[in-house]
Amino acid sequence: MNEKAVSAEIKISADTRYKLYVNGRLAEVGPSRGDREVWYYDTIDIAPFLQIGKNAICVIVLRYPIESKLGNHGLFRNEIPGLYFSGTIADKDSKEINLDISADSNWKCMINRDIKFPPEEERFAPLLIHEVSKGDEALHGWLLPDYDDGSWEEAASYKKGIIDEAISPGNINPRTIPYMYRKSRNFTGLLENETDKSNEEWESFLNGNAIISIPSDSKVRVVIDAGEEMTGYLHLEVYGGKKSCISILQSECYVQDEVSPITKVPVKKDRLDVKNGHLTGYVDVYKVGGFGTADKPEVYDPYFFRTFRMIELTIETSDEDLHIKAFSYEETGYPLDVVTKVETSDNDFAAIWNISERTLKRCMHESYEDCPFYEQLQYVMDTRAQILYTYAVSADDRLARKAIDDFARSQRSNGLLNSSYPNVNANVIPGFSIYYILILHDHMMYFGDKKLIRRYIFVVDKILDYFDRHLDKNGLVEKIGGKLMEARYWSFIDWAVEWNPTTGMPPAGLNGPITMESLLYVLGLQKASELMEYIGRIDTASEYLDRADRMKKAIRHSCMREDGMLADGPGSSDASQHGQVFGVLTGVLSQEEGRKNLLRTIKGSGFAQCTVAMRFYLFRALEELELYEYTRDYWDSWKNMVNYRCTTSIESEDYSRSECHAWGALALYELPSAILGVRPIEPGCGKIIVRPHTEYLEWARGTVKLPVGEIEVSWEKSQESEECNISIKAPEGVKIV
């Protein structure tokens, strides 16, 4: 190029993934996750990366095997792999086209077989992103313009007709979500140091001000701290040290030597307990080629982003000294703009909010994720909560709309959804399909998009039809699932400690129906009725309410114990907090019955309790019964996270495998929507209710972002009386009740 380009718009996609580099700089990563029905491409202006003179446009395409178990579960691949690239570069006048850079035989390519992606665990390995790789001198500097690619093969273009445009990847569509942000970051310091270098020397190195040299024929270990749970692209630069082996372990926290006899996961206490704990996690192994120099170091960039709070480097050198020039990362995630801010008289909520906000952000990338460390799968139940939290803090529905579309395309012929999607494997939790209906209902209330509801209402009909076709002679949802990996479908409800031996399912489900699946069906019918009414399908709305009423009677007849508690199944002696919560939310229990039953589960013993995953629903039931003051003690779970120095919300108190599970980001909804009391009560925020809960706080104030604007609320209890003074500011035209 003789002049600086002002426009260089390209379209790019790949099966399975691409990383686009221009002159050695990472320009973009993609495409966003598709499936066998739809594939996505990205449109990128690479002009800011171009320079006068020679330029290098390079793409690394990762291709997983077709076999579902041999690659990442959340990334689809098709029969025809490859790179899609189309673009032009324009000069300063933006009139004359200087260069066509579309994919053709002018491109050069080679296959790198020196990188392996072993399964991270023996039984269940949904990621397959961690690497065993080695440096290759033939690829040294290949991302830069002066690299000689003379030995590479010419790329082959597919001929017209080979790629079917009716299915992926031929049915290529423009990206529907924002690009992930990337931000350069340095590690904060050391937690352990088993080297001959001081902590100060290592910290200077981590800040980019020094080089760390590891002597030949030695083995050293150091634990580097990121300061918080993080998702980011790791970057390592070395020179010398031929045949050295660098092990990069990513960990969420220190765990104890003790293993829980029930959950079979390590016991966790203080997450920074260096003295009594040890690190567990997943490992990348890099075998140094030894061809780098101080001016042009050997670079190792693992392909995918990594999740970590701590990084343990274990380095074994051979007969050469190894020099580490840099070790850093680029933070990445969905560009969530948190506008909502809330302050309260209880200082503990500030720390809980910080944990919650970070948790949600770490679980948002190209889709919502149950956890960034172990699975990175978008589950319907988790996603319902995450979407609500996103609405409450940002009024952003872009990722939610993609989730709605994703799950719709996962629907099976029998009506049930895959419980996690995109997912190349079958993974069905029947009750999770009901949460999809709640997702649509939430979108209706916040955004009022009738076109979207009409587009996906068929999914609702088919879900409810499945449950209607699986009623037993008593009118209950029959036994439709069982324990994880022991039944066709998994009847997961919650990680209650009493249910851990049955993998999150009430034990009543071992031999018969579980009440919770019938209650979920009732809730789905009720919310679907409101959706139908909103789009004008009045007869269907009425039909769904009639079906819900029949189900409510069946549940009371077959599942209510003599003491008035809803049992976990017909004939079961067990009763859980969950049954009473959903009994309240569906109206199966009267207000009086609900108050009595729910208070028994709070004050008594012998009832499985709602864990972090289900607290949202518990809080809604307590709110409906005017018992919101009882939510106060449940915040102790999050206060314990703070005390144990967690930086994100754990999956469950008793099953705390994951340190970052966004269904636990409850404060993001509870503080603006309940403590300040701001939420929509008519579709599309047609009316906003402001009804704060003041039960156990002295004051609260903040700004709540909604699709109709920002609502400012401030309330404070009077020192002299029981009165509460409240101030509300809303945009003109917003109806407040």
Side-chain angles (χ1 to χ4, degrees), residues 32-35 38 40 74 173-181 333-340 356-357 359-370 372 376-411 417-423 432-460 463 524 527-528 530-531 534-535 616 661-666 668-669 672-673 679-680 683-685 704-708:
S32 66
R33 300 182 181 211
D35 61 16
V38 62
Y40 296 104
N173 289 266
R175 185 185 186 95
T176 59
I177 58 173
Y179 294 97
M180 302 302 101
Y181 76 87
Y334 181 88
L336 180 67
D337 183 16
V338 175
V339 178
T340 294
S356 301
E357 182 179 326
T359 304
L360 181 61
K361 288 179 176 179
R362 299 296 177 257
C363 294
M364 293 176 69
H365 290 87
E366 290 171 12
S367 66
Y368 287 101
E369 297 159 355
D370 61 330
Q376 296 180 14
L377 293 174
Q378 182 173 248
Y379 282 86
V380 192
M381 176 184 167
D382 307 54
T383 300
R384 192 268 168 135
Q386 291 168 269
I387 287 174
L388 265 181
Y389 303 160
T390 305
Y391 293 167
V393 300
S394 70
D396 182 350
D397 74 331
R398 292 172 294 179
L399 199 59
R401 295 176 77 97
K402 185 176 188 301
I404 289 169
D405 189 56
D406 286 341
F407 288 126
R409 283 182 284 102
S410 82
Q411 191 161 45
L417 309 182
N418 225 43
S419 62
S420 61
Y421 202 79
N423 192 338
F432 275 26
S433 292
I434 298 297
Y435 292 99
Y436 182 82
I437 302 174
L438 306 188
I439 289 172
L440 277 183
H441 189 273
D442 295 334
H443 196 278
M444 176 186 75
M445 296 303 294
Y446 278 86
F447 294 93
D449 187 342
K450 286 187 178 181
K451 185 177 180 180
L452 179 139
I453 301 302
R454 289 192 180 104
R455 178 179 177 185
Y456 297 106
I457 201 68
F458 78 93
V459 183
V460 174
I463 291 170
K527 297 301 183 183
E530 295 180 24
L531 287 167
Y534 182 60
I535 62 173
F616 172 83
H661 236 73
W663 59 24
L666 177 58
L668 302 186
Y669 180 88
S673 305
R679 70 188 92 173
C685 291
V704 182
K705 175 68 172 177
L706 292 175
V708 292

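What's counted below: heavy atoms across the whole structure, side chains too, no hydrogens, waters or symmetry copies. Counting begins at 1 with the first residue of the sequence.
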Short N-O contact, D405 and R409, less than 4.0 angstrom:
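A salt bridge is present here (some side-chain N lies under 4.0 Å from a carboxylate O).
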Salt bridge flag under 4.0 Å for residues D449 and R401
yes
Considering non-hydrogen atoms only, spot the tightest contact between [X] and [Y] and give its length.
X: T383; Y: A403; value: CG2-CB, 4.0 Å
X: R33; Y: Y40; value: O-CE1, 3.3 Å
X: H441; Y: E530; value: NE2-OE1, 2.6 Å
X: A395; Y: F447; value: O-CZ, 3.6 Å
X: P672; Y: T340; value: CB-CG2, 3.8 Å
X: S32; Y: R175; value: N-NH1, 3.6 Å

Rounded distance [0.5 Å steps], [atom1] in [X] versus [atom2] in [Y]:
X: D406; Y: Y421; atom1: CG; atom2: OH; value: 7.5 Å
X: K451; Y: I535; atom1: NZ; atom2: CD1; value: 14.5 Å
X: I439; Y: I404; atom1: CD1; atom2: CD1; value: 7.0 Å
X: E357; Y: K361; atom1: CD; atom2: NZ; value: 4.0 Å
X: Y389; Y: T359; atom1: OH; atom2: OG1; value: 10.5 Å
X: L440; Y: K527; atom1: CG; atom2: NZ; value: 13.0 Å

Name the one of I437, I453, I434 that satisfies side-chain contact (heavy atoms from CB on, under 4.5 Å) with V460?
I437
Name the one of S410, S420, P422 that satisfies side-chain contact (heavy atoms from CB on, under 4.5 Å) with Q378?
P422
Test log, rule side-chain contact (heavy atoms from CB on, under 4.5 Å), inputs I463 and Q411
CA-CA 9 Å; I463 291 170; Q411 191 161 45; 3.6 Å; yes
Before giving the answer on side-chain contact (heavy atoms from CB on, under 4.5 Å), spell out for D337 and D396 the whole-Å C-alpha distance, their side-chain angles and the decisive distance to 0.1 Å.
CA-CA 8 Å; D337 183 16; D396 182 350; over 6 Å; no
Answer yes or no: is there a donor N or O on one side and an acceptor on the other, between the side chain of R384 and the main chain of I387, under 3.5 Å?
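Checked: no pair found.
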Within the distance-only criterion (no hydrogens, no angle test), does the side chain of Y435 pair as donor or acceptor with the backbone N or O of S419 below 3.5 angstrom?
no
CA sep, side-chain torsions, deciding dist, call: D397, Y446, side-chain contact (heavy atoms from CB on, under 4.5 Å)
CA-CA 9 Å; D397 74 331; Y446 278 86; over 6 Å; no
L417 vs V459, test: side-chain contact (heavy atoms from CB on, under 4.5 Å). Steps then yes/no.
CA-CA 9 Å; L417 309 182; V459 183; 3.8 Å; yes
Any chance you could lay out the side-chain hydrogen bond (donor to acceptor under 3.5 Å, both in side chains) test for T390 and Y368, step after step, and finish with the verdict?
CA-CA 10 Å; T390 305; Y368 287 101; 3.0 Å; yes
H661 vs W663 aromatic rings, parallel, tilted or perpendicular, using cut-offs 30° and 60°?
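Tilted: the ring planes of H661 and W663 meet at 30° to 60°.
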Do Y436 and Y456 have their ring centres less than 6.0 Å from each other?
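No, they do not, as the ring centres are separated by 6.0 Å or more.
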